Visitor: 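There's a structure below that I have some questions on.
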Amino acid sequence: MANEQKVTEAKVSQEHGKGSWEQRAELAQAGLIEHYWNSKLNLFNNLSPCNDLCNEKFHYWWQAHGVDTLVDAYVRTGSSETKGYISSMYQGMLDRNAGVWPNEFYDDMEWLALAWLRAFEATGEEKYKEAALILWADIQTGWNELQGGGIAWRKPQLDYKNTPANSPAVILAARLYQKFGHEEDLAWAQKIYDWQKAHLVDPDTGFVWDGLNREGDGRIDKAWEFSYCQGVYIGAGVELYRVTGDKRYLTDAARTAQAAQERLASPITGMLPSESNGDGGLFKGIFIRYLAELVLVDPSQAAARELLETNAQTLWHAGRDEQRQLFSKSWTTAPDPAEDLSVNLSGVMLMEQMALLEKRGLLHSGSK
């Protein structure tokens with residue numbers, strides 16, 4: 001009932017013209033909890049409405065982004081209720097993952113480690129720090145010299161290296177260095193970044209390719225053009241710039257942001273494409289999160305800010321179910337009757353990033 005009251009109050013505020021991106025983020029978070037939270041599992045349902053088979057598969061990395069999105073809300077509000085959901089997810093993740101943190105996918109573990117590190121920074125609770133460090137120790141075992149280095153995508157396939165397993169590891173290592181000051185973490189971040197840039201970034205444009213040697217033939221998957229890959233490489237450059245002050249990292253990030261906009265966004269509307277449901281439902285949310293980080297460190301990135309504002313305004317007015325406060329995979333059309341958790345998390349992430357940019361005074365226009 002408390003959550004339904006939040007939704008009602010936020011709706012009333014919007015109707016009376018008092019809305020802001022913060023109010024929109026609050027509505028989005030309330031919709032997420034109301035329609036996806038599973039109090040028996042202490043996790044989010046994979047689908048809303050949830051059917052009998054909804055949670056048959058454990059989407060470890062979707063849940064990791066669920067944690068990260070709750071941390072967004074907690075940092076913004078300081079809500080004890082939100083803090084409780086984060087703590088519940090800590091236990092829910094352990095229970096669903098057989099009582100341990102690691103799994104066989106290095107990228108999955110990186111996302112959860114990033115979420116727990118942010119949870120530790122926000123709450124000061126040692127259990128989140130410990131979980132992040134356990135995961136980081138396991139992630140480092142993914143580095144090998146096959147394909148010239150890099151972190152493998154998963155443990156049974158150590159010769160396949162991709163952007164999803166490497167750029168988030170850079171973000172994690174750089175943030176660990178910033179938080180705890182261990183030089184070896186900075187060395188890891190720079191080593192992984194250098195491998196990523198040398199092997200999976202187009203030297204002519206800065207556009208980021210997905211992976212190398214997926215089928216054992218040494219080929220690069222250049223045809224896989226995902227917003228996800230652009231976002232994590234942007235984030236890697238931003239975090240290394242933050243901890244080193246070296247502007248070449250910021251230049252790299254800005255170049256990739258420009259390439260992503262030119263390659264992926266509609267030249268007419270400025271909208272990012274639908275990347276379907278399932279795992280693809282999270283791709284735009286990841287891109288948006290780290291594009292916003294670029295704007296935070298370099299407010300002169302006008303094109304990036306405009307892309308964020310265009311997509312957020314359109315999603316809010318055209319890609320949202322006003323009754324359920326849920327979002328669509330396309331951001332230009334109404335949600336389907338049932339939407340994956342991945343899809344909705346991306347919408348919530350966008351609202352949270354807009355609220356953050358609004359709070360920092362970095363938006364040219366308010367919510368409208």
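Since the model is a prediction, treat every value here as computed from it, not as a measurement.
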Visitor: Do Asp72 and Arg118 sit within salt-bridge range, that is, some charged N less than 4.0 Å from a carboxylate O?
Guide: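 The answer is yes: the pair qualifies as a salt bridge.
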Visitor: For Asp246, give me all partners under salt bridge (Lys or Arg N to Asp or Glu O under 4.0 Å), at least two apart in sequence or on another chain.
Guide: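 By the salt bridge (Lys or Arg N to Asp or Glu O under 4.0 Å) rule, Asp246 matches Arg248.
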Visitor: Go through the structure and list residues passing side chain to side chain contact (heavy atoms under 4.5 Å, CB included) with Arg242, not counting sequence neighbours.
Guide: Gln178, Val238, Glu239, Glu293, Leu296, Val297
Visitor: Can Thr141 and Tyr106 be counted as having a side-chain donor-acceptor contact under 3.5 angstrom?
Guide: yes
Visitor: Test of understanding: with side chain to side chain contact (heavy atoms under 4.5 Å, CB included), list the residues that count as partners of Asn55, not counting sequence neighbours.
Guide: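 Asn38, Leu41, Asn45, Asn46, Cys50, Arg96.
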Visitor: Tell me if the CD atom of Glu22 is crowded by more than 12 foreign heavy atoms within 6.0 Å.
Guide: no
Visitor: Measuring from Gln147:CD to Asn162:CG, what's the distance to the nearest 0.5 Å?
Guide: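 Reported to 0.5 Å precision, the distance equals 11.5 Å.
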Visitor: Count the heavy atoms of every other residue, nucleotide or ligand shown that sit under 6.0 Å from CD of Glu56, and state whether that count exceeds 12.
Guide: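 For Glu56, atom CD is not crowded (no more than 12 foreign heavy atoms under 6.0 Å).
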Visitor: Treating Ile, Leu, Val, Met, Phe, Trp and Tyr as nodes and any side-chain heavy-atom pair under 4.5 angstrom as an edge, say whether Val67 and Ile33 lie in one connected cluster.
Guide: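 Result: yes, single cluster for both.
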Visitor: Return the set of residues passing salt bridge (Lys or Arg N to Asp or Glu O under 4.0 Å) with Asp217 (not counting sequence neighbours), or none when no residue passes.
Guide: Arg219
Visitor: State whether the number of non-hydrogen atoms from other residues, nucleotides or ligands found under 6.0 Å of Lys127 atom NZ is greater than 12.
Guide: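 Result for NZ/Lys127: enclosed.
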Visitor: Output all residues satisfying ring pair (Phe, Tyr, Trp, His ring centres under 6.0 Å) with Phe226, sequence neighbours left out; order by chain, then residue number.
Guide: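 Phe226: ring pair (Phe, Tyr, Trp, His ring centres under 6.0 Å) contacts with Trp224, Phe283.
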Visitor: Report yes if the distance between the aromatic ring centroids of Trp37 and Phe44 is under 6.0 Å, otherwise no.
Guide: yes
Visitor: With sequence neighbours excluded, what pairs up with Asp108 under the side-chain hydrogen bond (donor to acceptor under 3.5 Å, both in side chains) test?
Guide: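 Listed in chain order: Asn103.
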Visitor: Using the test side-chain hydrogen bond (donor to acceptor under 3.5 Å, both in side chains), find all partners of Glu104 that sit at least two apart in sequence or belong to another chain.
Guide: Arg154
Visitor: Please check this pair: side chain of Asp210 against backbone of Thr163, looking for a donor-acceptor N/O pair closer than 3.5 Å.
Guide: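 No.
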Visitor: Just verifying a value: how many Å separate Phe207 CZ and Lys222 NZ, rounded to the nearest 0.5 Å?
Guide: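 Between Phe207 CZ and Lys222 NZ, I get 12.0 Å after rounding to 0.5 Å.
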Visitor: Determine whether the aromatic ring centres of Phe287 and Trp331 lie less than 6.0 Å apart.
Guide: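 No.
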Visitor: Between Trp136 and Asp185, does any side-chain donor sit less than 3.5 Å from a side-chain acceptor?
Guide: yes
Visitor: Would you give the length of the straight line joining atom NZ of Lys329 to atom CD of Glu275, rounded to the nearest 0.5 angstrom?
Guide: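 It is 13.0 Å, given to the nearest 0.5 Å.
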Visitor: Which pairs, with at least one residue in residues 299-308 and sequence neighbours excluded, count as a salt bridge (Lys or Arg N to Asp or Glu O under 4.0 Å)?
Guide: none
Visitor: Examine the side chains of Glu309 and Gln313 and answer whether a donor and an acceptor come within less than 3.5 Å of each other.
Guide: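 Short answer, no.
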Visitor: Which residues pass the side-chain hydrogen bond (donor to acceptor under 3.5 Å, both in side chains) test with Thr244, not counting sequence neighbours?
Guide: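 side-chain hydrogen bond (donor to acceptor under 3.5 Å, both in side chains) check on Thr244 returns nothing, list empty.
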Visitor: Does the salt bridge (Lys or Arg N to Asp or Glu O under 4.0 Å) test come out yes or no for Asp298 and Lys247, once each step is laid out?
Guide: CA-CA 11 Å; Asp298 184 6; Lys247 289 191 176 180; over 6 Å; no
Visitor: Going by the rule side chain to side chain contact (heavy atoms under 4.5 Å, CB included), which residues pair with Ala119 if we only count those two or more places apart in sequence or in a different chain?
Guide: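 Ala119 satisfies side chain to side chain contact (heavy atoms under 4.5 Å, CB included) with Val71, Ile86, Trp116, Tyr128 once adjacent residues are dropped.
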Visitor: Rounded to the nearest 0.5 Å, how far does CD of Glu322 lie from CH2 of Trp316?
Guide: 8.5 Å
Visitor: With side chain to side chain contact (heavy atoms under 4.5 Å, CB included) as the criterion, how do Met89 and Leu43 come out once you've worked through the C-alpha distance, each side chain's angles and the decisive distance to 0.1 Å?
Guide: CA-CA 6 Å; Met89 287 201 76; Leu43 295 171; 4.0 Å; yes
Visitor: Can you measure from CD (Gln325) to CD (Glu26) and round to the nearest 0.5 angstrom?
Guide: 11.5 Å
Visitor: List in chain and number order the residues that pass side chain to side chain contact (heavy atoms under 4.5 Å, CB included) with Ala73, two or more places apart in sequence or in another chain; answer none if no residue qualifies.
Guide: Gln29, Arg76, Thr82, Glu352
Visitor: Looking at CD of Gln157 and CZ of Arg214, how far apart are the two atoms once the value is rounded to the nearest 0.5 Å?
Guide: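 One gets 9.0 Å once the value is rounded to the nearest 0.5 Å.
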Visitor: Residues in side-chain hydrogen bond (donor to acceptor under 3.5 Å, both in side chains) with Lys197, at least two apart?
Guide: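 Lys197 satisfies side-chain hydrogen bond (donor to acceptor under 3.5 Å, both in side chains) with Asp252 once adjacent residues are dropped.
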